[in-house]
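Have a look at this one before I ask anything.
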There are 2 protein chains.
Amino acid sequence: MEPARGGMPCGADWQSQLNRAVIVLYADCEVYYDGRASSRANRAWRLIIIKPDGSLLIHTSEGYQPLNWQPPGSRVTILQSQQGGLELVAIRRRPREMVRIRIYEVEWACWGGLPSEGRFELRGTHDDLKLYIANNIGKYLPGGRVIGIEYEVPGFGIADIIATTPPDGAKWVIEVKRQCADLQAISQLKRYTEALKAKGLLVAPCFTSGARELARKYGFKLVEEAPPPS
Amino acid sequence: MEPARGGMPCGADWQSQLNRAVIVLYADCEVYYDGRASSRANRAWRLIIIKPDGSLLIHTSEGYQPLNWQPPGSRVTILQSQQGGLELVAIRRRPREMVRIRIYEVEWACWGGLPSEGRFELRGTHDDLKLYIANNIGKYLPGGRVIGIEYEVPGFGIADIIATTPPDGAKWVIEVKRQCADLQAISQLKRYTEALKAKGLLVAPCFTSGARELARKYGFKLVEEAPPPS
DNA sequence: TCCTGGATTTCGACG
DNA sequence: CGTCGAAGTCCAGGA
């Protein structure tokens, strides 16, 4: 095993970094969670990440998702038991939830302040597609005119786009999905069209077979359209 | 800065651990993502986690969610450029997506094999609540009898529970939510009840105001019930 | 493989 | 703070 480099911010002093740096522990531990649900994880080696914003993540060797976690805003505390045993407790209010980690051994602990956050830009989102459609409404509803975006239908939710088409000024509800539209998307559109007595148009890059079938029953128009290149 | 402990699996040799151990890097880097959407993250210090199952996580100092990621099954490779620059590339098929990390500096790198996974039990889930209701149907629909669980309504989806009640054998669709039911839950139930010409019962620990209102319009019965204690 | 719906979903926006 | 709907959602289960 290669020796650690000098000056590496790793060691036994990780506890002093709580609420200051991102701390990463490689530890043999048990994990308890109680709140909206509850879970128990038997003793095993896991990766524990504690962020200064109160986020807590417990990762195993598999998967995108953590085994247990606590979102930002949690209060993270370290408890020392008599036998040198360590406990990490993260508590969150609203909903009242607790993650408790019984630590048997820490093989290594490292941390870093992550001083600069950098800029982050994401493109190809639902908003991008929605605005593109609103700005090119004629492509989807010939002669159409946009009446509203994020249009609130009181008691029924918020429709992506409302438009009218000639010659009779028919009203349309347009629901936009950036991924394949499914039954749920159809139901959502149905809710708005029923409330507004409007026609329905669903724009998505693809549609599940069930969505296509149900859309036909409801008389919805479907248009395949992927998020615009950016 | 406290010196690292001897024998700690940290050091420059982390690349040899690819696909074998969980690797954690504290690195100054830029991140590029292209796939269903695309993103660019400017140069900054971040936490990079590479799992042997092909998962890749890039975390900042804030938040539960990673800045960028790749789910399990991705192919992770390390590229060396001439100037000693390092690039981490994770590619996924279906959907075709790529995360590329340009690494300028690695302050520390540690890893662990996470040999034993341990047992994990979660209680208080949707399934738990659903089965509890099915097994105590009389509490929700007096005299009721369960006809089916996870009952497929062809072309309309899968209903949680189907039941009948005396004296006329009225058919009910029961939708179960383990969290506060919202408009979407109402729409989902509406979809099933319309298809089956059945009555609707929604069981959830709470309901949003909009959900309550819409349920009344649709004539649905609402029952407040939290997941059972376990 | 696709389809469907849950998740301790988390997250952001708006009223 | 509640309500609403998206997310690069991920994930499991069934056909």
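Heavy-atom basis, side chains included; hydrogens, waters and symmetry copies ignored. The chains referred to below are lettered A, B, ... by the order of the sequence lines, with proteins before strands, and numbering in each begins at 1.
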Look at the aromatic rings of B:Y132 and B:Y140 and report parallel, tilted or perpendicular, splitting at 30° and 60°.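 Ring orientation of B:Y132 relative to B:Y140: perpendicular.
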Quick check: does any side chain N or O of B:K51 sit under 3.5 Å from a backbone N or O of A:E62, one acting as donor and the other as acceptor?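 Checking the backbone N and O of A:E62 against the side chain of B:K51, a donor-acceptor pair under 3.5 Å is found.
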Integer-rounded Å distance: C:dA7 C1' and A:R36 CZ: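 One finds 9 Å between C1' of C:dA7 and CZ of A:R36, rounded.
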Using a strict heavy-atom distance below 4.0 Å, which residues from residues 216-226 of chain A are in contact with DNA chain C?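 Residues of residues 216-226 of chain A that come under 4.0 Å of DNA chain C do not exist, since none gets that close.
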Evaluate the criterion disulfide (SG to SG under 2.5 Å) for residue pair A:C110 and B:C110; output intermediate values, then yes/no. CA-CA 8 Å; A:C110 295; B:C110 296; 3.2 Å; no
So, A:D128 side chain and A:T125 main chain: donor-acceptor pair closer than 3.5 Å or not?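 Yes.
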Measure CD/B:E121 against C1'/C:dT8 and give the value in whole Å, please.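 Atom-to-atom, B:E121 to C:dT8, this comes out as 16 Å.
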For the P atoms, the ones on D:dC4 and on C:dT8, what distance do you get once it is rounded to whole angstrom?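 Their P atoms lie roughly 22 Å apart.
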Under 4.0 Å, counting only non-hydrogen atoms across every strand here, what does B:S209 touch: a base, just sugar-phosphate, or nothing?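 If one applies the 4.0 Å heavy-atom cut-off, B:S209 turns out to touch the sugar-phosphate alone, with no base involved.
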Starting from C1' on C:dT8, measure out to CG on B:L129 and report it in whole angstrom.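 From B:L129 CG to C:dT8 C1': 14 Å.
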Is B:Y32 reaching over with its side chain to a backbone N or O of B:A41, donor-acceptor style, under 3.5 angstrom?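 Side chain of B:Y32 to backbone of B:A41: no pair is present.
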Go nucleotide by nucleotide along DNA chain D from the 5' end; which of B:F207 and A:D127 gets its closest nucleotide reached first?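 Final value for this comparison: B:F207.
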For DNA chain C, which residues in residues 174-192 of chain A have a heavy atom at a distance below 4.0 Å?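 Residues of residues 174-192 of chain A under 4.0 Å from DNA chain C: A:L183.
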More 5' along DNA chain C: A:T208 or B:F120, using each one's nearest nucleotide?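 By nearest-heavy-atom nucleotide position, the 5'-most residue is A:T208.
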What distance, rounded to whole Å, do you find between the two C1' atoms, one in C:dG5 and one in D:dA7?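 Their C1' atoms lie roughly 16 Å apart.
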Quick one: which of B:R40, B:R96, B:R100 gives a salt bridge (Lys or Arg N to Asp or Glu O under 4.0 Å) with B:D34?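 Answer after filtering B:R40, B:R96, B:R100: B:R40.
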Identify, residue by residue, the members of residues 51-77 of chain A with a heavy atom below 4.0 Å from DNA chain C, and return them in order of residue number, or none.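 Those residues are A:L67, A:N68, A:W69, A:P72.
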Might you list the N or O atoms of the protein lying below 3.5 Å from N or O atoms in nucleotides 12-15 of chain C, with each pair's distance?
none

Rounded to whole angstrom, note down the C1' distance from D:dA6 over to C:dA7.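 Comparing C1' positions in D:dA6 and C:dA7 gives a spacing of 15 Å.
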NA contact type, B:G35, heavy-atom cut-off 4.0 Å: base, sugar-phosphate, or nothing?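 Answer is nothing: B:G35 stays at 4.0 Å or more from every strand.
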Who are the ring-ring contact (aromatic ring centres under 6.0 Å, His included) partners of B:F207, not counting sequence neighbours?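 Per chain and number, B:F207 pairs via ring-ring contact (aromatic ring centres under 6.0 Å, His included) with no residue.
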Nearest-nucleotide wise, let me know which of A:G157 and B:E97 is further upstream toward the 5' end of DNA chain D.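 Whichever sits nearer the 5' end wins; that is A:G157.
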Could B:R216 and B:F220 be counted as a cation-pi pair, given that NZ or CZ must be under 6.0 Å from the ring centre and within 45° of the axis?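 B:R216 over B:F220 ring: no.
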Which is true for B:R94 with a 4.0 Å heavy-atom rule: it touches a base, it touches only sugar-phosphate, or it touches nothing?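 Sugar-phosphate: the residue B:R94, judged by heavy atoms under 4.0 Å, touches backbone atoms but no base.
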Any donor-acceptor N/O pair, B:H126 side chain to B:V176 backbone, under 3.5 Å: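 Yes; at least one donor-acceptor contact below 3.5 Å.
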Walking along DNA chain D from 5' to 3', note the first and the last nucleotide with an atom under 4.0 Å from a heavy atom of chain B, and give both.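 Going 5' to 3' along DNA chain D, contacts run D:dT3 to D:dC11.
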For the pair made of CG in B:L131 and P in C:dG6, what is the distance, rounded to whole Å?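 Answer to the nearest Å: 14 Å.
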I'd like to know if the side chain of A:K221 reaches the main chain of A:L201, judged simply by a donor and an acceptor atom lying under 3.5 Å from each other, with no hydrogens or angles considered.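 Side chain of A:K221 to backbone of A:L201, a donor-acceptor pair under 3.5 Å: no, none is there.
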